[in-house]
Amino acid sequence: MRVIGALRRAVWWALDYAYAGYWQFRAFFSRRRADAFAGGSARPIVVLPGVYETWRFLDPLIAHLHAQGHPVHVLDALERSQRPVSEMARVVESALRTAAVEDVVLVAHSKGGLAGKLVMVGAEGWRIRGMLAVATPFGGSRYARRLPSRTLREFSPEDPGILDLGRQREANARIVSVYAGFDPHIPEGSELAGAKNVRLDTGGHFRILADPRVIAEVAVLADDE
């Protein structure tokens with residue numbers, strides 16, 4: 001059984017990186033404009049990518065949400081999400097004020113979910129209806145301790161930002177955390193106390209963005225009165 005489990009995780013790992021590589025390639029050559037998805041009469045959505053991702057990496061999810069009538073706001077200013085979480089949150093807060101939007105649903109991947117939660121507990125949190133966070137390391141990842149890059153070490157479970165955000169629980173009830181049973185980047189998982197936690201019976205950090213449950217949970221957040 002251990003061998004079978006290891007083989008299954010290896011296949012998930014390979015599929016995950018194939019997905020990530022394909023969509024990073026597509027994102028690099030994409031010429032879509034940020035305002036291409038701004039129209040729509042349904043509840044507004046703001047998309048927050050993960051580290052080393054531009055919003056174009058999430059293009060399939062964005063296009064699907066826009067096709068359902070949502071104005072989807074994407075932020076060129078986040079670039080590849082390499083700046084500290086606190087700086088990312090300030091960029092998002094500024095964008096929310098500039099767009100004068102409220103009752104917004106955040107849709108975030110990985111690091112984007114940390115920035116999203118920080119916005120939710122900050123001065124502009126009143127504008128946020130809720131957040132769907134996919135594969136977000138709310139409790140950090142022990143792998144980050146060994147990494148040379150400060151951008152990635154920010155995900156260490158002992159990082160002051162991770163610890164402080166974990167203590168701020170007032171927004172958790174408005175968060176849906178979707179994550180795989182096996183995440184090669186976050187062995188601790190993405191369960192968040194007080195949130196709605198959705199554990200998918202699969203593996204991956206990237207490819208679960210295409211899981212139908214992600215779309216279904218966004219619909220619940222966006223449509224529930």
Side-chain angles (χ1 to χ4, degrees), residues 34 37 43-55 57-58 61-62 65 70-99 101-141 151 154-155 159 161-179 183 185-186 189-198 205-206 208-209 214-215 217-222 224:
F37 306 99
R43 187 161 280 113
I45 289 174
V46 173
V47 170
L48 307 178
V51 67
Y52 301 131
E53 300 168 4
T54 69
W55 62 262
F57 181 75
L58 304 178
L61 180 58
I62 292 169
L65 295 171
H70 295 283
V72 182
H73 301 269
V74 296
L75 310 180
D76 281 328
L78 288 176
E79 298 175 333
R80 298 182 69 229
S81 302
Q82 291 176 261
R83 67 189 74 193
V85 169
S86 58
E87 291 185 22
M88 287 180 62
R90 286 196 290 272
V91 169
V92 177
E93 289 174 336
S94 177
L96 291 171
R97 287 192 297 269
T98 300
V101 291
E102 54 187 83
D103 204 27
V104 168
V105 172
L106 303 179
V107 175
H109 180 229
S110 194
K111 182 182 181 180
L114 300 178
K117 183 181 173 184
L118 196 55
V119 173
M120 293 176 76
V121 299
E124 302 301 323
W126 64 273
R127 298 180 184 273
I128 310 301
R129 177 185 182 84
M131 177 172 70
L132 178 86
V134 181
T136 291
F138 288 111
S141 170
T151 298
E154 190 178 21
F155 303 135
D159 185 87
I162 290 286
L163 293 172
D164 183 62
L165 199 58
R167 286 189 288 265
Q168 301 186 63
R169 299 191 173 193
E170 59 270 27
N172 289 11
R174 293 186 285 140
I175 295 174
V176 178
S177 180
V178 179
Y179 55 97
D183 187 322
H185 292 271
I186 313 172
S190 297
E191 184 172 344
L192 180 65
K196 178 181 179 180
N197 293 289
V198 180
H205 184 77
F206 303 104
I208 61 171
L209 287 163
V214 171
I215 295 293
E217 292 296 339
V218 174
V220 172
L221 271 176
D224 182 21

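Please read all numbers here as calculations on a predicted model, not as lab measurements. What's counted below: heavy atoms across the whole structure, side chains too, no hydrogens, waters or symmetry copies.
Among the candidates Val134, Val214, Leu48, the single residue satisfying the side-chain contact (heavy atoms from CB on, under 4.5 Å) test with His109 is Val134.
Of all the heavy atoms in Phe138 and Ser190, the pair that sits closest is CD1-O, 3.7 Å. Between Ile175 and Ala195, the shortest heavy-atom contact is O-CB, 3.2 Å. Between Pro49 and Leu78, the shortest heavy-atom distance links the atoms CD-CD1, 4.0 Å. In terms of heavy-atom proximity, Gly122 sits nearest to Glu93 at CA-OE2, 4.2 Å. Nearest heavy-atom pair across Thr151 and Gln82 is OG1-O, 3.5 Å. In terms of heavy-atom proximity, Ser81 sits nearest to Lys111 at O-NZ, 2.9 Å.
Taken to the nearest 0.5 Å, the CZ atom of Phe57 stands 11.0 Å off from the CZ atom of Arg80. Taking CE from Met131 and CG from Leu221, the interatomic distance works out to 9.5 Å, rounded to the nearest 0.5 Å. Separating the CG atom in Leu65 from the CD1 atom in Ile215 is a distance of 4.5 Å, to the nearest 0.5 Å.
For Ser141 (side chain) and Phe155 (main-chain N/O), no donor-acceptor pair under 3.5 Å exists by modelled atom type. The backbone N or O of Gly189 sits nowhere less than 3.5 Å from a side-chain atom of Asp183 that would complete a donor-acceptor pair. With hydrogens and angles disregarded, a donor-acceptor distance shorter than 3.5 Å links the side chain of Lys117 to the backbone of Gln168. Counting only distance, with no hydrogens or angles, the side chain of Arg174 and the backbone of Gly130 share no donor-acceptor pair below 3.5 Å. Checked by atom type and distance alone, the side chain of Arg127 never pairs as donor or acceptor with a backbone atom of Val104 at under 3.5 Å. Side chain of Glu217 to main chain of Val178: no donor-acceptor pair is present (N/O by atom type, distance under 3.5 Å, no hydrogens or angles).
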Criterion ring pair (Phe, Tyr, Trp, His ring centres under 6.0 Å) on His70 and Phe37, from CA distance to verdict: CA-CA 8 Å; His70 295 283; Phe37 306 99; over 10 Å; no
CA sep, side-chain torsions, deciding dist, call: Leu114, Glu154, side chain to side chain contact (heavy atoms under 4.5 Å, CB included): CA-CA 11 Å; Leu114 300 178; Glu154 190 178 21; over 6 Å; no
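Counting heavy atoms from C-beta outward, Ile128 and Leu96 have side chains that approach closer than 4.5 Å. Counting heavy atoms from C-beta outward, Tyr179 and Thr136 have side chains that stay 4.5 Å or more apart. For the pair Ile45/Ile62, no side-chain contact is recorded, criterion being any heavy-atom separation below 4.5 Å from C-beta on.
For Ser110 and His205, the side-chain atoms include at least one donor-acceptor pair closer than 3.5 Å.
With sequence neighbours left out, the side-chain contact (heavy atoms from CB on, under 4.5 Å) criterion links Arg83 to Glu79, Glu87, Met88, Val91. Every residue two or more places apart in sequence or in another chain that forms a side-chain contact (heavy atoms from CB on, under 4.5 Å) with Arg169 is listed here: Asn172, Ala193.
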